[in-house]
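Note on naming: letters A, B, ... go to the chains in the order of the sequence lines (proteins, then strands), and numbering restarts at 1 for each one.
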Amino acid sequence: MSFVATRFAPSPTGPLHIGGVRTALFNWLFSKNKKGKFYLRIEDTDKERSKEEYKKQIIDSLNWIGINYDDEEYIQSKNIKKHQEVANELLKNGFAYKCYCTEEEIKEQKEKCKKKGIPYVYNRKWRDPKNVEIPNNIKPVIRFKSKISGNSILKDLVQGEVNISNSIIEDFIILRQDGTPTYQLSAVVDDHLMKITNVIRGDDHKINTFKQKQIYEAMKWSVPEFAHIPLIHSEKGSKLSKRDKASTLEDYIKIGILPDALRNYLLRLGWSHKDKEIFTLDESIKLFDLPGVGKSPSKLDMSRILSLNEYYIKHLDEKELFKFLKIYSKKFKSDIDSSKEKSIIKSISFLKNKAKKLEDIYQNSQYILNDKIKISEEDLKLIDNSSKSIIKDFLIKFEKMPEINKDNLEKIVKGLIDKHKTNFKGVGQPLRIVLTGSRFGPGIYNILLSLEKDVIISRLKDYK
RNA sequence: GGUCCCAUCGUCUAACGGUUAGGACAGGUGGUUUUCAAUCACCUAAUCGGGGUUCGAUUCCCCGUGGGACCGCCA
């Protein structure tokens, strides 16, 4: 097996969105599967929009979901000089040329084409400037001499063979008027320098590949393999953008999605292995491959994410789950008081059964976390006089209880059912309301066993 | 508009010419139950349309139709 290196190359112009995370995941998985390298490259050559905070956020995001990269992150802007050198070499060797067209001139041309209804391609005015005078008041851009005739074929590892006519690829700019390199150049030079063997990226880059390949060829560099993965669509069915509601990783973290659940969801979005739905990290590394990637775009499905998350919440080691809950609560809700930790840990085994996300566990443990509980008007109505007498009787027995365990509690409850000629619900419901503030709580023994004795007594006393 | 890509249940997908078209999520019905859940069992639901090729097409080819991406001195 030959050596493999992949990279994820986001631009730090906003929070990482879910499509980017999947691209990173696929690259990472591919390299791990091949026992190769995976790098992170921050493409920050757009000075205007790139921000340090976003760079940090991207790194945090990858850490959160468990994607680790080799070496330090690679900062593209640090390599601008090298990009410029390559541009000059292309210029020297006749693969590129200076173009003195002004932006206005280009704009005019585009409008003309639009009016005529014909597709715009730069007219190559300065490609062969024999009979044109070079203006000395205009700074030129450097354009790449793109192929004019014939066809190009891309052998894409996901899409198969893609064949396009070279005439639709214009002489694209590689160095701007201010001398800075554009994406098309920088990406190629960096990928070459980083010895990237497989470029796995979104389908929206496919046309770029035809430009970039020409740079590799002009420089006589070996061309990496390309794999263009289909985009993730929003519920509307179009490319996911930052404006879509649940589009960034942060959106999922803040409702309490577990990293493993999202990793598993993203893995299965556009990739499959037979009928298998749940993949451990190791399994996904072992099984991931490019032929398993589908060609059609897929839509985001929140209920599916939630369902997977529910699965991981239920199957995760409870100590681990508590750790996640603690971190989550501190970051997005309020810190779990250390005096309440014991109760929460005791309760997590049943709390997790009605949770699809960490947020649910947090919500459902409010009766433990808060010293005072609120009972809604509606629930309060259910605490009538007969309920109160049940609570009173329960309290008397409970206070005298030598040891709080399920057997002893069951004895009390059974006794009360007989005495008050009611059923389990008749006893359980008032206790649940008074103890948790809600009709819809955990099982009554679970509540009784998880709350501190004095808390139970004081809550019951309020309603006896 | 031009170029390219895509097309199986509502959604994610399996079936690499021969299956009663499978699984998962969602939805529905019922069992269990201590409320809400959870859980168990069962059910509904798809090959975009039209032509070929073939003994046989979800699968291969062509044409429609629909959806999407790209068309920046952004990446």
With heavy atoms under 4.0 Å as the rule, sort A:Y445 into base, sugar-phosphate or nothing.
base
Looking across every strand, which nucleic acid part, if any, lies under 4.0 Å from A:P10 by heavy atom: base, sugar-phosphate, or nothing?
nothing
B:rC5 and B:rC62, which share atom name P, separated by this distance in whole Å:
11 Å
Touch check for A:E103, heavy atoms < 4.0 angstrom, all strands: base, sugar-phosphate only, or nothing?
base
Taking a pair to mean Watson-Crick or G-U wobble geometry with both distances below 3.5 Å, B:rA57 pairs with none
If you look at every strand shown and take non-hydrogen atoms under 4.0 Å, does A:T45 touch a base, only sugar-phosphate, or nothing?
sugar-phosphate
Under 4.0 Å between a side-chain N or O of A:S298 and OP1 or OP2 of B:rU13?
yes
What about the rings of A:F288 and A:F26, do their centers lie closer together than 6.0 Å?
yes
Partner nucleotide, any strand, of B:rG66 [Watson-Crick/G-U, under 3.5 Å]
B:rC6
Residue matched to B:rA41 through Watson-Crick or wobble contacts both under 3.5 angstrom
B:rU29
For A:L231 and B:rA75, what is the distance between atoms CG and C1' respectively, to the nearest whole Å?
14 Å
Grab the CG-P distance between A:D275 and B:rG22 for me, whole Å please.
11 Å
Interatomic distance at P, B:rC60 relative to B:rA41, whole Å
36 Å
Rounded distance in Å - CD (A:E48) to P (B:rG72)
19 Å
Separation of A:I173 atom CD1 from B:rC73 atom P, in whole Å?
5 Å
Between A:F8 and the options A:L25, A:L62, A:I67, A:I200, the side chain to side chain contact (heavy atoms under 4.5 Å, CB included) test singles out A:L62
Here's a test of your reading of the structure: between A:K314 and A:G237, which maps to the more 5' nucleotide of RNA chain B?
A:K314
Counting any heavy atom closer than 4.0 Å, what does A:E43 reach on the DNA or RNA strands: base, sugar-phosphate only, or nothing?
sugar-phosphate
Closer than 4.0 angstrom, basic N to acidic O: yes or no for A:E105 and A:K125?
yes
How far does the C1' atom of B:rA15 sit from the matching atom of B:rU8, given to the nearest Å?
10 Å
Could you walk me through whether A:Y69 and A:I59 pass side-chain contact (heavy atoms from CB on, under 4.5 Å), step by step?
CA-CA 10 Å; A:Y69 46 91; A:I59 293 170; 3.4 Å; yes
Expressed as a whole number of Å, how far does the P atom of B:rC9 sit from that of B:rG23?
16 Å
Students often get this wrong, so: under 4.0 angstrom with heavy atoms, is A:G441 touching a base, only sugar-phosphate, or nothing?
base
From B:rG10, B:rC5, B:rA75, nucleotide with atom closest to A:Y183 side chain
B:rA75
Rounded off to whole Å, could you give me the CD-to-C1' distance for the A:E161 and B:rC60 pair?
16 Å
Quick one: is B:rC70 close enough that its OP1 or OP2 comes under 4.0 Å of any side-chain N or O from A:K239?
yes
Any side-chain heavy atom of A:L351 sitting closer than 4.5 Å to one from A:D360?
no
Closest approach to the side chain of A:T182, judged atom by atom: which nucleotide of B:rU3, B:rA75, B:rU35 is it?
B:rA75
Does A:I138 reach the side chain of A:Q177, with side-chain heavy atoms less than 4.5 Å apart?
yes
Under 4.0 Å, heavy atoms only, any strand: does A:H228 hit a base, just the sugar-phosphate, or nothing?
nothing
At 4.0 Å (heavy atoms only), tell me whether A:V162 reaches a base, stays on the sugar-phosphate, or touches nothing.
sugar-phosphate
Across the strands shown, which category fits A:Q177 at heavy-atom distances under 4.0 angstrom: base, sugar-phosphate, nothing?
base
Given B:rC25, B:rG23, B:rA75, which nucleotide is nearest the side-chain atoms of A:S303?
B:rC25
Both distances under 3.5 Å, Watson-Crick or G-U wobble: report the partner of B:rC16, or none.
none
Among B:rC25, B:rG68, B:rC6, which is the nearest nucleotide to the side chain of A:K295?
B:rC6
What's the gap between B:rC6 and B:rU59 when it is taken at their P atoms, as a whole Å value?
15 Å
Let me know the distance between NZ of A:K425 and C1' of B:rU32, rounded to the nearest Å.
16 Å
Could you walk me through whether A:Y445 and A:V413 satisfy the side-chain contact (heavy atoms from CB on, under 4.5 Å) test, starting with their C-alpha distance in whole Å, then the side-chain angles of each, then the deciding distance to 0.1 Å, before giving a yes or no?
CA-CA 10 Å; A:Y445 295 125; A:V413 171; 3.7 Å; yes
From the list A:K211, A:Q76, A:H205, side-chain hydrogen bond (donor to acceptor under 3.5 Å, both in side chains) partner of A:Y183 resolves to A:H205
Between P of B:rU11 and CG of A:L306, the distance in whole Å:
19 Å
Determine the Euclidean distance between corresponding C1' atoms of B:rU20 and B:rU47; express it in Å to zero decimal places.
15 Å
Let's test this: given Watson-Crick or G-U wobble pairing with both distances under 3.5 Å, identify the partner of B:rG1.
B:rC71
What nucleic acid atoms does A:K276 come within less than 4.0 Å of, heavy atoms only: base, sugar-phosphate, or nothing?
nothing
From the options B:rU3, B:rU35, B:rA26, select the nucleotide whose nearest atom is closest to the side chain of A:I168.
B:rU3
Ignoring hydrogens and angles, are the base of B:rA24 and the side chain of A:R304 linked by a donor-acceptor pair under 3.5 Å?
yes
Across the strands shown, which category fits A:N208 at heavy-atom distances under 4.0 angstrom: base, sugar-phosphate, nothing?
base
Select base, sugar-phosphate, or nothing to describe what A:E410 touches, counting heavy atoms under 4.0 Å on all strands.
nothing
Taking 4.0 Å as the cut-off, does a side-chain nitrogen or oxygen of A:S272 come that near to OP1 or OP2 on B:rA14?
yes
Mutual orientation of the aromatic rings belonging to A:W221 and A:H192 [parallel < 30°, tilted 30-60°, perpendicular > 60°]:
parallel
Whole-angstrom distance between B:rA21 and B:rG68, as gauged at atom C1'
27 Å
C1'-based separation of B:rC16 from B:rG22 [nearest Å]
16 Å
Taking N and O atoms by type only, does the side chain of A:R432 place a donor or acceptor under 3.5 Å from a partner on the base of B:rU34?
yes
Can you tell me how far C1' of B:rA24 sits from CG of A:L269, to the nearest Å?
13 Å
Could you check A:D204 against A:N446 and say which one's nearest nucleotide on RNA chain B is further toward the 5' end?
A:N446
